[in-house]
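Since the structure is predicted, the reported quantities are computational estimates derived from the model, not experimental observations.
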Protein chains: 2
Amino acid sequence: MKQPELQHQVRQVFTDYLEKNQQRKTNERFIILEEIYSRSDHFDAESLFTELKKKKFQISRATVYNTLELLVACELVTKHQFGNNMARYEKSYGYRQHDHLICLDCNKVMEFCDPRIHQISTRMGDLLNFEIPHHSLILYGHCRGCEIKEQLAKKKSIA
Amino acid sequence: MKQPELQHQVRQVFTDYLEKNQQRKTNERFIILEEIYSRSDHFDAESLFTELKKKKFQISRATVYNTLELLVACELVTKHQFGNNMARYEKSYGYRQHDHLICLDCNKVMEFCDPRIHQISTRMGDLLNFEIPHHSLILYGHCRGCEIKEQLAKKKSIA
DNA sequence: GTGCATGCAAATCCTTTGCAGTGAT
DNA sequence: ATCACTGCAAAGGATTTGCATGCAC
């Protein structure tokens with residue numbers, strides 16, 4: 001899908017959500033949505049705030065947090081807790097459900113899919129009598145690049 | 001394994017670790033270890049601190065955090081990030097690796113095992129060229145008890 | 001015009017840090 | 001005796017909250 005089309009669609013989804021829940025369609029909210037859908041990383045609230053500031057939008061942190069919550073509620077954005085203490089977000093409209101693999105050294109985030117995770121989720125829900133709307137699977141590891149770097153560092157320290 | 005025996009074993013593991021890393025074997029550290037192994041829930045640092053205080057041990061928050069870090073390093077304790085912003089811990093000596101299922105309503109934590117998760121982890125590591133020492137799988141759901149409560153609440157609001 | 005959403009700053013929560021004093025080695 | 005570990009309180013970072021103002025309705 002092309003950017004303008006995607007932007008248009010998510011704006012529509014958000015508008016519908018806001019109307020249905022009798023929330024105001026403020027400029028700030030749409031600016032934040034647009035900014036999120038023009039990025040494609042796993043960002044945190046602060047970096048989103050800083051980016052908006054850099055682009056000369058005068059939107060407060062409070063509004064950023066408030067809007068993120070709304071976007072999570074209408075499933076346009078997904079919220080993650082990757083090890084560290086700050087939440088990370090990513091746009092999720094039209095994306096296939098996926099999980100994450102994080103490098104403990106350089107914090108690189110990769111994505112992957114495996115249908116077995118959904119199977120496990122369903123099975124455990126049945127078994128333990130839970131209704132399971134979502135899950136989070138994070139693999140923590142060391143990526144190739146960092147492994148190589150570490151080996152070099154070791155060699156140096158010996159030499 | 002009986003409690004005293006378990007306590008003895010984990011104390012030994014911790015002692016070995018401290019010696020190997022030339023860290024001091026302080027009373028505070030062993031008191032904390034013992035407290036953790038006399039509990040069996042998924043606790044946070046603050047509740048551990050409060051519990052120790054209630055038992056009249058004068059151990060500071062700083063020491064609690066410091067010791068938890070050591071215990072995680074020697075794998076006597078596992079650290080989790082369950083959705084909310086505070087870390088949760090659990091004893092892990094002699095326990096089979098397992099994953100978690102959390103009720104979004106009452107915060108109840110359940111545990112489960114599924115060998116497929118390990119398979120997925122290995123497969124993704126191979127595929128994406130990562131070495132993966134650990135992972136975190138959390139299923140977020142609504143438990144039966146809470147579902148029933150909610151249905152009752154709905155009925156009431158209609159009536 | 002009404003009152004929900006905003007901006008700002010202060011407050012809060014969890015965690016880490018600095019420093020002076022204590023105790024393990 | 002040394003200096004890593006402790007307790008305490010203050011600092012820190014992420015997020016939330018309170019309140020006066022502004023703007024969507």
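The listed nucleotides are C:dT25, D:dA24, C:dT6; the one nearest the side chain of A:E28 is C:dT6. For A:R24, the listed nucleotide lying nearest its side chain is C:dC4; candidates were D:dC5, D:dG7, C:dC4. For B:A62, the side-chain atoms get nearest to C:dT17 when compared with the rest of C:dA24, C:dT17, C:dT15. Side-chain proximity of A:R29 to the nucleotides D:dT15, C:dA5, C:dG7 is greatest for C:dA5.
Side-chain N/O atoms of A:R61 include none lying less than 4.0 angstrom from OP1 or OP2 on C:dG7. Neither OP1 nor OP2 of C:dA24 sits under 4.0 Å from any side-chain N or O of B:T26. Look at B:N66 and you'll find a side-chain N or O under 4.0 angstrom from OP1 or OP2 of D:dT6. Here A:Q23 reaches the OP1 or OP2 of C:dA5: one of its side-chain N or O atoms lies under 4.0 Å away.
The closest donor-acceptor contact from the side chain of A:Y37 to the backbone of A:L76 lies under 3.5 Å.
Rounded to whole Å, the distance from CG on B:L52 to P on D:dC8 is 13 Å. Put simply, CD on A:E19 is 15 Å from P on D:dA24, counting in whole angstrom units. Across the protein-nucleic acid pair, B:N27 atom CG and C:dT22 atom P stand 17 Å apart, rounded to whole Å. With rounding to whole Å, A:Q22 atom CD is found 14 Å from C:dG3 atom P. Rounded to whole Å, atom P of C:dA5 lies 11 Å from atom CZ of A:F14. Counting to the nearest Å, the P atom of C:dT15 and the CG atom of B:L68 are 9 Å from each other. For the pair B:Q58 CD and C:dT22 C1', the computed distance is 14 Å after rounding to whole Å. In this structure, OH of B:Y65 is placed 15 Å from C1' of D:dA11, rounded to the nearest angstrom.
For the side chain to side chain contact (heavy atoms under 4.5 Å, CB included) test, no residue two or more places apart in sequence or in another chain qualifies with A:N85.
Put simply, OH on B:Y17 and CZ on B:R29 are 9.5 Å apart, with the number rounded to the nearest 0.5 Å. Rounding to the nearest 0.5 Å places CD1 of B:I31 at 11.0 Å from NZ of B:K55.
Map B:N85 and B:S60 each onto its nearest nucleotide of DNA chain D; the residue landing nearer the 5' end is B:S60.
Ring centroids of B:H118 and B:H135 are separated by 6.0 Å or more, keeping the two rings apart.
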